[in-house]
Amino acid sequence: MAMRKLLDRVEMAGALDRVGDPLRRGVRAVLPDRVRDALHGVWLGHPLHPAAVQLPVGAWMSAAVLDALPGTGKAATVLVGVGTATAVPAAVAGLTDWASLSRKQRRVGLVHAAANAIALGLYAGSLAARLTGNGRRGRWLAYAGLGTASLGAYVGGHLSFRQAAGVNQAEPFLRQIPEGWHDLCEHAELTEGKPMVARIGDVPVLVTRLGDGVTVMIERCGHHTGPLGDGELTRVGGADCVVCPWHGSTFRLADGVVVRGPAATDQPLLRTRVVDGRVQASLP
Ligand code: FES
(Lines give C-alpha, C1' and ligand atoms only; values in the text may rest on other atoms or scores of the structure.)
Protein backbone atom coordinates (compact mmCIF):
# COMPACT_ATOMS: atom_id res chain seq x y z
CA MET A 1 0.00 0.00 0.00
CA ALA A 2 2.86 2.37 0.84
CA MET A 3 4.44 1.71 -2.56
CA ARG A 4 1.15 2.40 -4.34
CA LYS A 5 0.78 5.72 -2.53
CA LEU A 6 4.39 6.57 -3.27
CA LEU A 7 3.92 5.90 -6.98
CA ASP A 8 0.71 7.96 -7.00
CA ARG A 9 2.79 10.83 -5.61
CA VAL A 10 5.48 10.25 -8.25
CA GLU A 11 2.80 10.62 -10.95
CA MET A 12 2.02 14.09 -9.57
CA ALA A 13 5.64 15.15 -8.94
CA GLY A 14 6.07 18.06 -11.32
CA ALA A 15 9.65 18.57 -10.11
CA LEU A 16 10.64 15.46 -12.10
CA ASP A 17 9.80 17.35 -15.29
CA ARG A 18 12.84 19.55 -14.77
CA VAL A 19 14.91 16.46 -15.58
CA GLY A 20 12.42 14.68 -17.80
CA ASP A 21 11.60 17.46 -20.26
CA PRO A 22 15.18 18.22 -21.41
CA LEU A 23 15.98 14.51 -21.47
CA ARG A 24 12.96 13.88 -23.67
CA ARG A 25 13.95 16.65 -26.05
CA GLY A 26 17.46 15.22 -26.17
CA VAL A 27 16.26 11.69 -27.00
CA ARG A 28 14.03 12.99 -29.77
CA ALA A 29 16.76 15.23 -31.19
CA VAL A 30 19.60 12.73 -31.09
CA LEU A 31 17.95 9.62 -32.52
CA PRO A 32 16.97 9.65 -36.22
CA ASP A 33 13.39 8.57 -37.05
CA ARG A 34 14.45 5.18 -38.46
CA VAL A 35 16.47 4.34 -35.37
CA ARG A 36 13.60 5.39 -33.10
CA ASP A 37 11.19 3.19 -35.07
CA ALA A 38 13.56 0.23 -34.78
CA LEU A 39 13.89 0.78 -31.03
CA HIS A 40 10.12 1.16 -30.57
CA GLY A 41 9.73 -2.27 -32.21
CA VAL A 42 7.80 -1.19 -35.35
CA TRP A 43 9.61 -3.96 -37.28
CA LEU A 44 8.57 -6.46 -34.59
CA GLY A 45 4.89 -5.45 -34.39
CA HIS A 46 5.37 -5.31 -30.63
CA PRO A 47 7.29 -3.01 -28.26
CA LEU A 48 10.95 -4.05 -28.26
CA HIS A 49 11.85 -2.99 -24.72
CA PRO A 50 9.87 -5.66 -22.78
CA ALA A 51 11.37 -8.38 -25.00
CA ALA A 52 14.91 -6.97 -24.78
CA VAL A 53 14.95 -6.88 -20.97
CA GLN A 54 14.56 -10.66 -20.85
CA LEU A 55 18.26 -11.05 -21.67
CA PRO A 56 19.75 -9.04 -18.77
CA VAL A 57 17.08 -10.18 -16.31
CA GLY A 58 17.61 -13.85 -17.22
CA ALA A 59 21.40 -13.58 -17.07
CA TRP A 60 21.42 -11.69 -13.77
CA MET A 61 18.90 -14.03 -12.12
CA SER A 62 20.93 -17.05 -13.24
CA ALA A 63 24.12 -15.43 -11.90
CA ALA A 64 22.40 -14.92 -8.53
CA VAL A 65 21.61 -18.65 -8.34
CA LEU A 66 25.17 -19.63 -9.31
CA ASP A 67 26.62 -17.17 -6.78
CA ALA A 68 24.83 -19.13 -4.06
CA LEU A 69 26.52 -22.38 -5.15
CA PRO A 70 30.15 -23.38 -4.62
CA GLY A 71 32.63 -23.56 -7.53
CA THR A 72 30.55 -21.62 -10.05
CA GLY A 73 32.36 -18.28 -9.89
CA LYS A 74 33.54 -18.23 -13.52
CA ALA A 75 30.13 -19.08 -14.93
CA ALA A 76 28.51 -16.42 -12.72
CA THR A 77 31.05 -13.86 -13.96
CA VAL A 78 30.18 -14.68 -17.58
CA LEU A 79 26.48 -14.27 -16.84
CA VAL A 80 27.02 -10.95 -15.05
CA GLY A 81 28.98 -9.79 -18.12
CA VAL A 82 26.25 -10.94 -20.52
CA GLY A 83 23.55 -9.26 -18.41
CA THR A 84 25.50 -6.00 -18.17
CA ALA A 85 26.21 -5.87 -21.92
CA THR A 86 22.63 -6.68 -22.98
CA ALA A 87 21.13 -4.23 -20.48
CA VAL A 88 22.52 -1.33 -22.52
CA PRO A 89 20.43 -1.85 -25.73
CA ALA A 90 17.41 -2.74 -23.58
CA ALA A 91 17.82 0.57 -21.75
CA VAL A 92 18.15 2.53 -25.00
CA ALA A 93 14.93 0.94 -26.31
CA GLY A 94 13.19 1.79 -23.04
CA LEU A 95 14.42 5.37 -23.17
CA THR A 96 13.04 5.72 -26.69
CA ASP A 97 9.61 4.45 -25.60
CA TRP A 98 9.74 6.68 -22.53
CA ALA A 99 10.18 9.80 -24.68
CA SER A 100 6.78 9.23 -26.33
CA LEU A 101 4.81 8.66 -23.12
CA SER A 102 2.37 11.08 -21.51
CA ARG A 103 3.63 13.42 -18.78
CA LYS A 104 2.50 11.34 -15.75
CA GLN A 105 3.83 8.18 -17.35
CA ARG A 106 7.17 9.89 -18.01
CA ARG A 107 7.51 10.82 -14.32
CA VAL A 108 7.06 7.21 -13.23
CA GLY A 109 9.23 6.08 -16.15
CA LEU A 110 12.01 8.32 -14.91
CA VAL A 111 12.02 6.54 -11.54
CA HIS A 112 11.94 3.17 -13.33
CA ALA A 113 14.92 4.23 -15.47
CA ALA A 114 16.84 5.62 -12.49
CA ALA A 115 16.47 2.36 -10.52
CA ASN A 116 17.63 0.35 -13.52
CA ALA A 117 20.56 2.68 -14.21
CA ILE A 118 21.72 2.21 -10.60
CA ALA A 119 21.30 -1.56 -10.99
CA LEU A 120 23.38 -1.46 -14.17
CA GLY A 121 26.10 0.49 -12.36
CA LEU A 122 26.12 -2.05 -9.52
CA TYR A 123 26.44 -4.93 -11.98
CA ALA A 124 29.24 -3.14 -13.85
CA GLY A 125 31.01 -2.75 -10.48
CA SER A 126 30.36 -6.42 -9.74
CA LEU A 127 31.91 -7.43 -13.06
CA ALA A 128 34.96 -5.25 -12.44
CA ALA A 129 35.38 -6.73 -8.95
CA ARG A 130 35.12 -10.31 -10.21
CA LEU A 131 37.63 -9.68 -13.03
CA THR A 132 40.14 -8.26 -10.57
CA GLY A 133 39.90 -11.25 -8.27
CA ASN A 134 37.50 -9.83 -5.67
CA GLY A 135 34.74 -12.40 -6.02
CA ARG A 136 33.16 -11.75 -2.62
CA ARG A 137 32.72 -8.04 -3.36
CA GLY A 138 31.44 -8.93 -6.84
CA ARG A 139 28.77 -11.20 -5.37
CA TRP A 140 27.47 -8.57 -2.94
CA LEU A 141 27.40 -5.90 -5.62
CA ALA A 142 25.44 -8.27 -7.86
CA TYR A 143 22.89 -9.00 -5.13
CA ALA A 144 22.51 -5.26 -4.54
CA GLY A 145 22.03 -4.83 -8.30
CA LEU A 146 19.38 -7.55 -8.39
CA GLY A 147 17.46 -5.90 -5.54
CA THR A 148 17.58 -2.53 -7.25
CA ALA A 149 16.55 -4.00 -10.62
CA SER A 150 13.62 -5.71 -8.87
CA LEU A 151 12.51 -2.34 -7.52
CA GLY A 152 12.81 -0.94 -11.05
CA ALA A 153 10.69 -3.84 -12.33
CA TYR A 154 7.99 -3.07 -9.74
CA VAL A 155 7.86 0.53 -10.94
CA GLY A 156 7.81 -0.72 -14.54
CA GLY A 157 4.80 -2.88 -13.62
CA HIS A 158 2.98 0.23 -12.39
CA LEU A 159 3.85 1.96 -15.64
CA SER A 160 2.56 -0.91 -17.80
CA PHE A 161 -0.40 -2.25 -15.87
CA ARG A 162 -1.68 0.74 -13.91
CA GLN A 163 -0.83 3.51 -16.38
CA ALA A 164 -1.17 1.36 -19.54
CA ALA A 165 2.11 2.59 -21.06
CA GLY A 166 3.08 0.69 -24.21
CA VAL A 167 -0.32 -1.00 -24.39
CA ASN A 168 -2.24 -1.12 -27.68
CA GLN A 169 -4.92 1.46 -26.88
CA ALA A 170 -7.01 0.56 -29.95
CA GLU A 171 -7.78 -2.94 -28.71
CA PRO A 172 -10.40 -1.95 -26.06
CA PHE A 173 -12.43 -0.26 -28.80
CA LEU A 174 -12.77 -3.61 -30.57
CA ARG A 175 -14.28 -5.11 -27.43
CA GLN A 176 -17.06 -2.48 -27.48
CA ILE A 177 -18.27 -3.62 -30.90
CA PRO A 178 -21.10 -6.17 -30.75
CA GLU A 179 -21.04 -9.30 -32.92
CA GLY A 180 -22.70 -9.13 -36.33
CA TRP A 181 -22.68 -6.70 -39.24
CA HIS A 182 -23.04 -2.96 -38.66
CA ASP A 183 -24.29 -0.46 -41.21
CA LEU A 184 -21.85 2.46 -41.74
CA CYS A 185 -22.55 4.60 -44.82
CA GLU A 186 -23.44 4.69 -48.51
CA HIS A 187 -20.65 3.29 -50.66
CA ALA A 188 -21.29 6.14 -53.13
CA GLU A 189 -20.49 8.83 -50.51
CA LEU A 190 -16.93 7.58 -50.20
CA THR A 191 -14.26 9.34 -52.22
CA GLU A 192 -11.23 7.34 -53.33
CA GLY A 193 -8.38 7.77 -50.86
CA LYS A 194 -10.33 10.19 -48.61
CA PRO A 195 -11.23 8.46 -45.36
CA MET A 196 -14.38 9.41 -43.49
CA VAL A 197 -15.25 8.80 -39.85
CA ALA A 198 -18.34 6.69 -39.04
CA ARG A 199 -19.45 5.17 -35.74
CA ILE A 200 -20.46 1.75 -34.50
CA GLY A 201 -22.24 2.68 -31.28
CA ASP A 202 -19.64 4.77 -29.40
CA VAL A 203 -16.70 3.43 -31.41
CA PRO A 204 -15.35 5.71 -34.16
CA VAL A 205 -14.07 3.93 -37.27
CA LEU A 206 -12.17 5.21 -40.28
CA VAL A 207 -13.81 4.16 -43.57
CA THR A 208 -11.63 4.37 -46.69
CA ARG A 209 -12.39 3.53 -50.28
CA LEU A 210 -9.34 2.04 -52.01
CA GLY A 211 -10.06 1.07 -55.61
CA ASP A 212 -12.98 -1.36 -55.61
CA GLY A 213 -12.46 -2.20 -51.95
CA VAL A 214 -13.31 -0.49 -48.68
CA THR A 215 -11.32 -0.72 -45.46
CA VAL A 216 -12.60 0.07 -41.98
CA MET A 217 -10.13 0.57 -39.14
CA ILE A 218 -10.51 1.65 -35.53
CA GLU A 219 -10.18 5.44 -35.73
CA ARG A 220 -8.43 5.92 -32.36
CA CYS A 221 -4.67 5.43 -32.63
CA GLY A 222 -3.25 2.41 -30.80
CA HIS A 223 -0.50 4.57 -29.30
CA HIS A 224 -2.46 7.09 -27.20
CA THR A 225 -5.90 7.19 -28.89
CA GLY A 226 -5.11 10.13 -31.19
CA PRO A 227 -7.90 10.81 -33.74
CA LEU A 228 -6.77 9.29 -37.05
CA GLY A 229 -9.76 10.96 -38.70
CA ASP A 230 -7.88 14.25 -38.29
CA GLY A 231 -4.65 12.78 -39.62
CA GLU A 232 -2.99 13.60 -42.90
CA LEU A 233 -2.72 11.07 -45.69
CA THR A 234 0.64 10.11 -47.07
CA ARG A 235 2.25 7.37 -49.15
CA VAL A 236 4.90 5.08 -47.74
CA GLY A 237 6.45 2.44 -49.99
CA GLY A 238 3.75 3.13 -52.59
CA ALA A 239 0.90 2.45 -50.14
CA ASP A 240 -1.71 4.93 -48.89
CA CYS A 241 -1.26 5.61 -45.18
CA VAL A 242 -2.76 7.80 -42.48
CA VAL A 243 -0.54 9.75 -40.07
CA CYS A 244 -1.72 10.20 -36.48
CA PRO A 245 -1.91 13.94 -35.71
CA TRP A 246 -0.66 13.51 -32.14
CA HIS A 247 2.77 11.83 -32.43
CA GLY A 248 3.06 10.80 -36.06
CA SER A 249 2.45 7.05 -35.98
CA THR A 250 1.68 6.00 -39.54
CA PHE A 251 -0.61 3.13 -40.56
CA ARG A 252 -1.28 1.56 -43.97
CA LEU A 253 -4.93 2.06 -44.82
CA ALA A 254 -5.20 -1.22 -46.73
CA ASP A 255 -4.25 -3.50 -43.83
CA GLY A 256 -3.60 -1.36 -40.73
CA VAL A 257 0.10 -2.26 -40.59
CA VAL A 258 2.17 0.28 -38.65
CA VAL A 259 4.97 1.64 -40.82
CA ARG A 260 6.21 4.41 -38.48
CA GLY A 261 6.19 4.67 -34.70
CA PRO A 262 5.93 5.43 -31.88
CA ALA A 263 3.04 2.92 -32.12
CA ALA A 264 4.52 -0.56 -32.39
CA THR A 265 1.33 -2.52 -33.05
CA ASP A 266 -0.88 -2.57 -36.13
CA GLN A 267 -4.14 -0.66 -36.15
CA PRO A 268 -7.12 -3.07 -35.96
CA LEU A 269 -9.12 -3.50 -39.16
CA LEU A 270 -12.71 -4.74 -39.35
CA ARG A 271 -14.22 -7.05 -41.95
CA THR A 272 -16.20 -5.18 -44.56
CA ARG A 273 -18.86 -5.85 -47.17
CA VAL A 274 -21.15 -3.78 -49.36
CA VAL A 275 -24.84 -4.75 -49.36
CA ASP A 276 -27.33 -2.86 -51.54
CA GLY A 277 -24.85 -0.01 -51.85
CA ARG A 278 -24.32 0.27 -48.06
CA VAL A 279 -20.93 -0.33 -46.44
CA GLN A 280 -21.10 -2.68 -43.47
CA ALA A 281 -18.43 -3.83 -41.02
CA SER A 282 -18.07 -6.59 -38.45
CA LEU A 283 -15.48 -7.79 -35.97
CA PRO A 284 -12.48 -9.49 -37.63
S1 FES B 1 -1.59 8.95 -30.29
FE2 FES B 1 0.56 8.95 -30.36
S3 FES B 1 0.98 8.50 -32.42
FE4 FES B 1 -1.15 8.42 -32.30
How many angstroms lie between CH2 in W246 and OG in S100, if you round to the nearest 0.5 Å?
-> 13.5 Å
Backbone N/O of A90 and side chain of H49: donor-acceptor pair under 3.5 Å | yes
For Y123 and A142, indicate whether the former's side chain and the latter's backbone hold a donor-acceptor pair under 3.5 Å.
-> yes
Does H46 reach the side chain of N168, with side-chain heavy atoms less than 4.5 Å apart?
-> no
With side chains defined as the heavy atoms from C-beta onward, is the minimum distance between T86 and V53 less than 4.5 Å?
-> no
Which value, rounded to the nearest 0.5 Å, describes the distance between S249 atom OG and D37 atom CG?
-> 8.0 Å
What do the steps show when you test S160 against V167 for side-chain contact (heavy atoms from CB on, under 4.5 Å), and what is the final call?
-> CA-CA 7 Å; S160 296; V167 171; 5.6 Å; no
Does any N or O in the side chain of W98 come within less than 3.5 Å of the main-chain N or O of G109, such that one atom is a donor and the other an acceptor?
-> no
Run the numbers on L184 and I200 for side-chain contact (heavy atoms from CB on, under 4.5 Å), then give the verdict.
-> CA-CA 7 Å; L184 296 179; I200 301 174; 3.6 Å; yes
Reported CG-to-CD distance for the pair L206 and E219, which is rounded to 0.5 angstrom | 6.0 Å
Evaluate the side-chain proximity of V82 to P56: yes if any heavy-atom separation is below 4.5 Å, no if none is.
-> no
Any side-chain heavy atom of E232 sitting closer than 4.5 Å to one from P245?
-> no
Distance-only, no hydrogens or angles: does the Q267 side chain make a donor-acceptor pair with backbone N or O of R220 under 3.5 Å?
-> yes
Out of curiosity, D97 CG to L48 CG, how far, rounded to the nearest 0.5 Å?
-> 8.0 Å
Between T215 and L210, is any pair of side-chain heavy atoms under 4.5 Å apart?
-> yes
side-chain contact (heavy atoms from CB on, under 4.5 Å) between I177 and L270: does it pass, once the steps are laid out?
-> CA-CA 10 Å; I177 297 177; L270 303 184; 4.0 Å; yes
Taking H182 for the side chain and G180 for the main chain, is one N or O donor matched with an acceptor at less than 3.5 Å?
-> yes
Using 4.0 Å as the upper bound for N to carboxylate O, is an ion pair formed by D33 and R36?
-> yes
Short question: side chain of T225, backbone of C221 - any donor-acceptor pair under 3.5 Å?
-> no
Any donor-acceptor N/O pair, E192 side chain to G211 backbone, under 3.5 Å = yes
Passes side-chain contact (heavy atoms from CB on, under 4.5 Å), V205 versus R199? Steps please.
-> CA-CA 6 Å; V205 293; R199 302 191 85 82; over 6 Å; no
Side chain to side chain donor-acceptor pair (under 3.5 Å) test vs E11 passes for just one of H158, R107, K104, Q105, namely H158
Are R103 and D21 ion-paired here, with the side-chain N under 4.0 Å from a carboxylate O?
-> yes
Pairwise side-chain contact, R130 with V80, heavy-atom cut-off 4.5 Å (strictly under) | yes
Salt-bridge present (D255, R252; N to O < 4.0 Å) = yes
Show your reasoning for whether salt bridge (Lys or Arg N to Asp or Glu O under 4.0 Å) applies to R139 and D67.
-> CA-CA 7 Å; R139 281 194 297 278; D67 274 341; 5.2 Å; no
Do L253 and C241 touch side chain to side chain, with heavy atoms closer than 4.5 Å?
-> no
So, R106 versus S102: side-chain donor-acceptor pair below 3.5 Å or not?
-> no
Hey, are R235 and D240 close enough for a salt bridge, meaning a charged N less than 4.0 Å from a carboxylate O?
-> yes
Rounded to the nearest 0.5 Å, how far does OG1 of T272 lie from NE2 of H187?
-> 9.0 Å
Okay, side chain of R28, backbone of A99: is any donor-acceptor separation there less than 3.5 Å?
-> yes
Examine R273 relative to W181 and say whether NZ or CZ is less than 6.0 Å from the centre of the six-membered ring and inside a 45° cone about the ring axis.
-> yes
Counting only N and O atoms by type, is there a donor-acceptor contact under 3.5 Å from the side chain of N116 to the main-chain atoms of G152?
-> no
Is there a donor-acceptor contact under 3.5 Å from the side chain of T72 to the main chain of L66?
-> yes
Which value, rounded to the nearest 0.5 Å, describes the distance between W60 atom CH2 and L122 atom CG?
-> 9.0 Å
So do T250 and T234 actually touch side chain to side chain, heavy atoms under 4.5 Å?
-> yes
